[in-house]
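Since the structure is predicted, the reported quantities are computational estimates derived from the model, not experimental observations. Each ligand, and each atom within it, is numbered from 1 in the order the structure gives. In what follows, every heavy atom counts, from backbone to side chain, and hydrogens, waters and symmetry copies are set aside.
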Amino acid sequence: MAELAVLYDRIRPDEKMLFEALDALGTPYDKVYVPHLKLTFDEAGAAAVPWKVAIERCVSQTRGHAVTRALEGFGVQVINPGHVIELCGDKLATNARLYAAGLPTPRTGVSFDGDAALQQIEALGYPLVLKPTVGSWGRMVSRLNDRDAAEAVIEHKAVLGGPQHGIFYVQELIRKPERDIRAFVIGGECIGAIYRTSDHWITNTARGAKASNCEVTPELRDLAVRAAAAVDGRIVAIDLVEDPQSRNEWGGLLVIEINHTMEFKNSVSTTGVDIPRRMAEYAIGLLAQPTGAPSA
Ligand SMILES: Nc1ncnc2c1ncn2[C@@H]1O[C@H](COP(=O)(O)OP(=O)(O)OP(=O)(O)O)[C@@H](O)[C@H]1O
């Protein structure tokens with residue numbers, strides 16, 4: 001049993017790379033397959049939790065959040081902490097936090113009923129993007145070019161039902177170049193960034209976008225670091241778009257979302273930065289601190 005753990009529910013190339021980085025650094029760690037983990041809140045249960053620090057890598061956000069909350073009860077410092085997962089796992093919560101911190105995002109609205117949503121959409125004007133507040137890989141991110149599209153999507157959501165479909169989260173469509181930017185922030189430092197380029201307006205690599213290196217300009221560095229700090233993220237990836245119409249102090253960059261269990265497999269050779277090693281070093285650095293307190 002080691003003081004460091006990696007919590008996972010599937011071994012993707014990213015987790016393999018993280019294990020290899022930890023192996024290379026020689027620090028003992030436990031690979032904890034969360035679906036087999038049982039935690040009991042009593043003395044014996046606490047004795048069975050040896051870890052001081054854990055890196056949470058679950059594909060299932062619900063599982064990752066739950067195990068994080070539980071382990072925090074045993075004094076384990078999980079990267080990222082539960083409150084960070086709560087914020088980053090929900091685009092509305094992230095946007096509200098970024099707004100409160102004075103950081104730029106696309107103009108965004110939220111409403112809680114179909115009729116109100118249609119009114120808000122009409123007032124904001126087309127084209128708009130409607131997205132689920134919880135989700136990734138660009139799933140159900142929908143472009144609304146006109147009232148017909150808005151009515152159709154609102155009706156689908158009403159008929160499908162379910163708590164998620166009762167929230168209407170809409171954003172102005174940014175006329176970005178055919179790419180977005182993903183910046184990696186570890187321990188308060190922006191260690192690299194990639195462009196994700198596609199001829200589709202949804203530029204996720206999961207949808208076939210091509211990754212290439214993106215220079216970390218002072219503006220990008222500043223915004224990425226501030227966005228990570230706004231959600232208290234320890235190891236996070238910040239997704240941004242370039243708005244040619246914005247004259248903001250970050251050269252028109254806007255934050256779209258923040259990923260708390262970031263995928264990085266396509267970004268290591270692209271950026272030339274050994275991202276899994278930086279993650280491993282950050283976690284090992286926390287072990288050395290008396291309280292396991294974060295360094296950033
Ligand atoms: N307001 C917007 N204007 C223009 N393009 C957008 C906007 N919002 C999202 N996009 C595009 O759609 C993609 C997916 O959007 P978003 O990141 O919000 O969804 P996701 O499902 O969380 O994806 P990810 O896998 O990046 O977490 C973005 O990478 C971007 O290319």
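When hydrogens are left out, the protein atom nearest atom 8 (N) of ligand 1 is Lys131 NZ, 2.9 Å; that is the closest non-hydrogen contact. Protein heavy atom in closest approach to atom 5 (N) of ligand 1: Lys176 NZ, 2.9 Å. Of the protein's heavy atoms, Trp201 O, 3.6 Å lies nearest to atom 11 (C) of ligand 1. Of all protein heavy atoms, the one lying nearest to atom 27 (O) of ligand 1 is Glu257 OE2, 2.2 Å. Ranking protein heavy atoms by distance to atom 28 (C) of ligand 1, first place goes to Asp180 OD2, 3.6 Å. Closest to atom 21 (O) of ligand 1 among all protein heavy atoms lies Gly138 N, 2.7 Å. Regarding atom 3 (N) of ligand 1, its nearest protein heavy-atom neighbour is Ile174 N, 2.9 Å. Counting only heavy atoms of the protein, atom 31 (O) of ligand 1 lies nearest to Thr203 OG1, 2.5 Å.
For the atom pair CD1 (Ile154) and CZ (Arg147), the distance works out to 8.5 Å, reported to the nearest 0.5 Å.
Judged as a side-chain hydrogen bond (donor to acceptor under 3.5 Å, both in side chains), the pairs with a partner in residues 30-43 (not counting sequence neighbours) are, in order, Asp30-Trp51.
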Problem - Arg226 vs Asp222, salt bridge (Lys or Arg N to Asp or Glu O under 4.0 Å): CA-CA, chis, key distance, verdict - result: CA-CA 6 Å; Arg226 282 184 196 230; Asp222 183 64; 3.0 Å; yes
Practice task
Carefully, step by step, assess Lys210 and Glu178 under the rule salt bridge (Lys or Arg N to Asp or Glu O under 4.0 Å).
Solution key: CA-CA 11 Å; Lys210 293 272 168 290; Glu178 290 183 334; over 6 Å; no
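Contacts with ligand 1 closer than 4.0 Å are made by side-chain heavy atoms of Asp239 only, the backbone lying farther away. Using a 4.0 Å cut-off between heavy atoms, Glu263 makes no contact with ligand 1 at all.
Within a 6.0 Å radius of CZ in Arg143, other residues, nucleotides and ligands contribute more than 12 heavy atoms. Atom CZ of Arg10 is surrounded by 12 or fewer heavy atoms from other residues, nucleotides or ligands within 6.0 Å. Summarising the local packing, NE2 of His156 is surrounded by 12 or fewer heavy atoms from other residues, nucleotides or ligands at distances under 6.0 Å.
Considering backbone and side-chain N/O atoms, Leu173 never comes within less than 3.5 Å of an N/O atom of ligand 1.
Taking both residues in full, the closest heavy atoms of Ala183 and Leu220 are given as CB-CD1, 4.2 Å, listed atom of the first, atom of the second, then distance. Contact between Trp250 and Glu219 at its shortest, heavy atoms only, is CD1-O, 3.3 Å.
In this structure, Arg69 pairs ionically with Glu86, as a charged nitrogen and a carboxylate oxygen lie closer than 4.0 Å.
The closest approach between Glu172 and ligand 1 falls below 4.0 Å for a heavy atom of the residue. Distances from ligand 1 to the non-hydrogen atoms of Arg175 include no value under 4.0 Å. Taking a 4.0 Å cut-off on heavy atoms, Arg179 fails to register as neighbouring ligand 1. In this structure, Asn259 has a heavy atom closer than 4.0 Å to ligand 1.
Geometric assessment of Arg57 against the ring of Tyr8 yields a negative cation-pi assignment under the 6.0 Å and 45° thresholds.
Taking all heavy atoms of Asn204, Asp243, Ile256 into account, the minimum distance to atom 26 (O) of ligand 1 is reached by Asn204.
Of all atoms in ligand 1, listed by their number and element, those nearer than 4.0 Å to a heavy atom of Arg182 are 26 (O). Taking a cut-off of under 4.0 Å to the non-hydrogen atoms of Arg196, the atoms of ligand 1 that pass are 26 (O), 29 (O).
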